[in-house]
2 protein chains.
Amino acid sequence: MSQEGVGVDLETSLGYLLKEASSALRVAMEEVLRPLGMSVTHYSCLELLAQRPGLSNSELARGAFVTRQTMNVLLQALERDGYVTRPAEAAVGKVLPARLTPRGRRSLEKASAAVRSVEARMLTGLTETEQSGAFRILQSMIHSLRGDDEGA
Amino acid sequence: MSQEGVGVDLETSLGYLLKEASSALRVAMEEVLRPLGMSVTHYSCLELLAQRPGLSNSELARGAFVTRQTMNVLLQALERDGYVTRPAEAAVGKVLPARLTPRGRRSLEKASAAVRSVEARMLTGLTETEQSGAFRILQSMIHSLRGDDEGA
DNA sequence: GAACCTATGTCAGAATGCTGACATGAGTCA
DNA sequence: TGACTCATGTCAGCATTCTGACATAGGTTC
């Protein structure tokens, strides 16, 4: 506890621990996705589209926590390789709703199973109560960090 | 289409929420560090050195959750700009212990204060009990993800 | 001592993600 | 209608991080 105005104590910092946990999760996911030839962002995009078909490029970007420029590059590659389809022209506005192709769906199946097993491993040793507690606390952190409390 | 219950449910996934929280923290840190002309990894390196003087390049890399190659690039820049010093030759082996210069220490002061304020904001609305609960749960997750349980 | 394994520092090239910028479509407001 | 604002898709350039590779130092193990 020798952090008297000195700095952030890494041993007790929840921020540091959060980063460490996130890093460990990323490494574990990369480990199981690599054999499938898939990156984490790659997988995130497919999973998002499976659960919310018709998401636009910008919406996918927000869901995967990258910029829309980054997602656009990925989406073009996925489209080129036949995992995803987008209409050539927007029905309304500029928004191009993306959808998984059968090939994309097949590809996602294995990846999704692999990722679920990683998440399950992450939660071993934690009770239901602890898990829901963690859920609530993480949501609170996100809320506070984004400053959503301001006007509300 | 038939993804009901098959995939990872993003709405209730602790893994997804963990990534979201980590992303929010990173964004918030970048926001306060940008005016100081410092990136998150940049700051992490300096903070590590302040708390554990004499860390080697590889040790710094592990502490900042990047590869040693990445940290090496950063360290060379920090050395060139006079924030950090390393001996020209290793006293023993190949390990080069790095240390902050007075300039590095000064630079870190403001950044550390800024990051502390971000972490404080993140924890607003959480009780002491919740915080220590989160600490324990995150440590458990890291432990499980890394498979430390094996031999222990 | 020799063979072996591991960890380290470092260089080089590739992949990934970001910022900046631009044009365009939709909604708002006078 | 016209001006303004905002969100979107996209191109281009830059920054950051990674993987691959190599030489070297130290600690085994025989």
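Just so we're on the same page: letters track the sequence lines, and every chain starts at 1.
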In whole Å, what is the span from the [atom1] atom of [X] to the [atom2] atom of [N]?
{"X": "A:Leu55", "N": "D:dA7", "atom1": "CG", "atom2": "P", "value": "17 Å"}
{"X": "B:His42", "N": "D:dA15", "atom1": "NE2", "atom2": "P", "value": "15 Å"}
{"X": "B:Asn72", "N": "D:dT16", "atom1": "CG", "atom2": "P", "value": "15 Å"}
{"X": "B:Lys94", "N": "D:dG27", "atom1": "NZ", "atom2": "P", "value": "15 Å"}
{"X": "B:Met29", "N": "D:dT16", "atom1": "CE", "atom2": "P", "value": "15 Å"}

Could you state the interatomic distance from NE2 (B:His42) to CG (B:Asp81), rounded to the nearest 0.5 Å?
8.0 Å
Any N or O donor-acceptor pair under 3.5 Å from the base of D:dG20 to the side chain of B:Gln69?
yes
How do A:Ser39 and A:Gly93 order along DNA chain C: which one's closest nucleotide is nearer the 5' end?
A:Ser39
Tell me whether B:Glu109 is salt-bridged to B:Arg105, with the criterion being a basic N under 4.0 Å from an acidic carboxylate O.
no
If the threshold is 4.0 Å, N to carboxylate O, is there a salt bridge linking A:Arg116 and A:Glu47?
no
Checking all strands, does [X] fall into the base, sugar-phosphate, or nothing category for heavy-atom contacts under 4.0 angstrom?
{"X": "B:Ser58", "result": "sugar-phosphate"}
{"X": "A:Val73", "result": "nothing"}
{"X": "A:Leu96", "result": "sugar-phosphate"}

So does [Y] get a backbone contact from the side chain of [X], meaning a donor-acceptor N/O pair under 3.5 Å?
{"X": "A:Thr101", "Y": "A:Tyr83", "value": "yes"}
{"X": "A:Asn57", "Y": "A:Arg68", "value": "yes"}
{"X": "B:Arg121", "Y": "A:Leu145", "value": "yes"}

Please work out whether the ring planes of A:Tyr16 and B:Phe65 are parallel, tilted or perpendicular, with thresholds of 30° and 60°.
tilted
Whichever of A:Glu30 and A:Gln76 has its nearest DNA chain D nucleotide further upstream toward 5'
A:Gln76
Upstream residue (5' side of DNA chain D) when A:Asn57 and B:Leu74 are each assigned their closest nucleotide:
A:Asn57
OP1 or OP2 of D:dT8 less than 4.0 angstrom from a side-chain nitrogen or oxygen of A:Ser56, does that happen here?
no
Quick check for you: name the first and last nucleotides of DNA chain C, 5' to 3', having an atom under 4.0 Å from a heavy atom of chain A.
C:dG17 to C:dA26
